[in-house]
Amino acid sequence: MRLEARKIKIHRLILFAIPITLVLIYATFVSIYGINQTHASSFAAIIKMMTATVWDFYFFYTAYLVSKIIVEEYVNCTVMILFTYSIPRRRIFFAKILSTSVISLTCQAVSQTICFIFLLTMDRRFSLVNGFITRVDYIEWTQYVLIDLLAAAASVLFLSAIAVIRKSSASVFLYGITFLFVYQVIISQINEFSILWPCYTALFLGCAFFSTVSIHRWMNRLTAK
């Protein structure tokens with residue numbers, strides 16, 4: 001994995017998350033301040049909206065990572081050079097998926113934390129939220145972040161499989177919209193964590209199965225363009 005990190009210039013991909021976080025901070029303040037000028041929204045409602053917004057932004061960041069780490073290497077024939085080494089193809093793809101997962105999930109977790117701290121700071125200054133934050137709100141924020149990270153891990157597996165099958169950045173983003181739609185339907189319609197956890201766990205397991213089967217089937221069919 002260290003070789004993979006050096007090859008893809010991991011520091012540049014991580015730095016790309018900085019402007020995303022800045023945009024998210026701005027969007028958090030503008031959306032909450034604009035929507036909640038009457039101070040009628042609770043922390044629970046705002047936390048759900050904020051964490052989902054962060055996930056949406058990082059979903060496209062994840063699609064970009066998959067395109068950069070998997071698709072672009074195929075287009076540039078870099079991955080074909082790797083296949084000449086005495087390393088099983090499944091280990092090469094595992095390293096790529098692991099690298100994408102580590103970058104995406106770490107950056108998303110950091111951005112979620114920064115946006116949450118920003119929300120608490122701005123609430124003290126502008127009284128954006130109805131009431132005071134409680135221990136229950138902290139627990140809800142933690143659960144939403146963990147659920148979003150589980151969904152993000154599922155998205156990495158799904159998009160990586162699409163990248164191997166279709167070998168096109170356009171396909172990664174196009175098929176990714178379907179995954180984004182599924183995420184939004186679940187998170188917008190369900191409020192109970194007792195239901196959210198099984199839903200996203202099932203989504204993760206389904207994506208893991210799809211990714212395992214697809215990559216095993218298609219990785220040996222990859223040839224130079």
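What you see below is based on every heavy atom in this structure, not just the backbone, and it leaves out hydrogens, waters and symmetry mates.
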Side chain to side chain donor-acceptor pair (under 3.5 Å) between D56 and T53, intermediate numbers included: CA-CA 5 Å; D56 289 345; T53 301; 5.4 Å; no
Nearest heavy atoms of [X] and [Y], plus distance in Å:
X    : Y    : result
V71  : A163 : CG2-CB, 3.6 Å
M50  : C115 : SD-O, 3.7 Å
F204 : A153 : CE1-CB, 3.8 Å
A152 : Q108 : CB-NE2, 3.5 Å
S188 : K48  : O-NZ, 4.2 Å
Y183 : D148 : OH-OD1, 2.8 Å

Main chain of [Y], side chain of [X]: is a donor-acceptor contact present, judged purely on distance under 3.5 Å?
X    : Y   : answer
K96  : V66 : no
T21  : A17 : yes
Q112 : T51 : yes

Taking the side chain as every heavy atom from C-beta outward, state whether [X] and [Y] have any atom pair closer than 4.5 Å.
X    : Y    : value
T113 : W141 : yes
L203 : F179 : yes
K167 : I70  : no
Y26  : L22  : no

Stepwise side chain to side chain donor-acceptor pair (under 3.5 Å) check, Y58 with S111: CA-CA 9 Å; Y58 272 95; S111 289; 2.5 Å; yes
Is there a path of hydrophobic side-chain contacts, each under 4.5 Å between heavy atoms, that joins [X] and [Y]?
X    : Y    : result
F118 : V110 : yes
Y138 : V54  : yes
M49  : F60  : yes
I195 : L149 : yes
V23  : I46  : yes

L205, I162, L157, I215 screened by side-chain contact (heavy atoms from CB on, under 4.5 Å) with F210, the one that passes: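 The residue from L205, I162, L157, I215 that satisfies side-chain contact (heavy atoms from CB on, under 4.5 Å) with F210 turns out to be I162.
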Sole residue of L65, L105, L159 in side-chain contact (heavy atoms from CB on, under 4.5 Å) with T100: L65
Y64-F173 aromatic ring centre distance below 6.0 Å: no
Could you tell me the separation between the [atom1] atom of [X] and the [atom2] atom of [Y], rounded to the nearest 0.5 Å?
X    : Y    : atom1 : atom2 : value
T178 : L174 : OG1   : CG    : 7.0 Å
F181 : I186 : CZ    : CD1   : 10.5 Å
D137 : L119 : CG    : CG    : 10.0 Å
E140 : I147 : CD    : CD1   : 10.0 Å
I20  : I25  : CD1   : CD1   : 12.5 Å

Check against side chain to side chain donor-acceptor pair (under 3.5 Å), Q143 and W197: CA-CA 9 Å; Q143 290 213 66; W197 277 110; 2.8 Å; yes
Over 12 foreign heavy atoms within 6.0 Å of CZ, F193: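 Enclosed.
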Chi angles and distances behind the side-chain contact (heavy atoms from CB on, under 4.5 Å) call for S214, V164: CA-CA 8 Å; S214 299; V164 173; over 6 Å; no
Test side-chain contact (heavy atoms from CB on, under 4.5 Å) applied to F116 and V145, step by step: CA-CA 10 Å; F116 185 59; V145 171; over 6 Å; no
Aromatic ring pairing W55/F59, orientation class (parallel under 30°, perpendicular over 60°, tilted between): parallel
Working for side chain to side chain donor-acceptor pair (under 3.5 Å), residues S211 and S160: CA-CA 7 Å; S211 177; S160 296; 5.9 Å; no
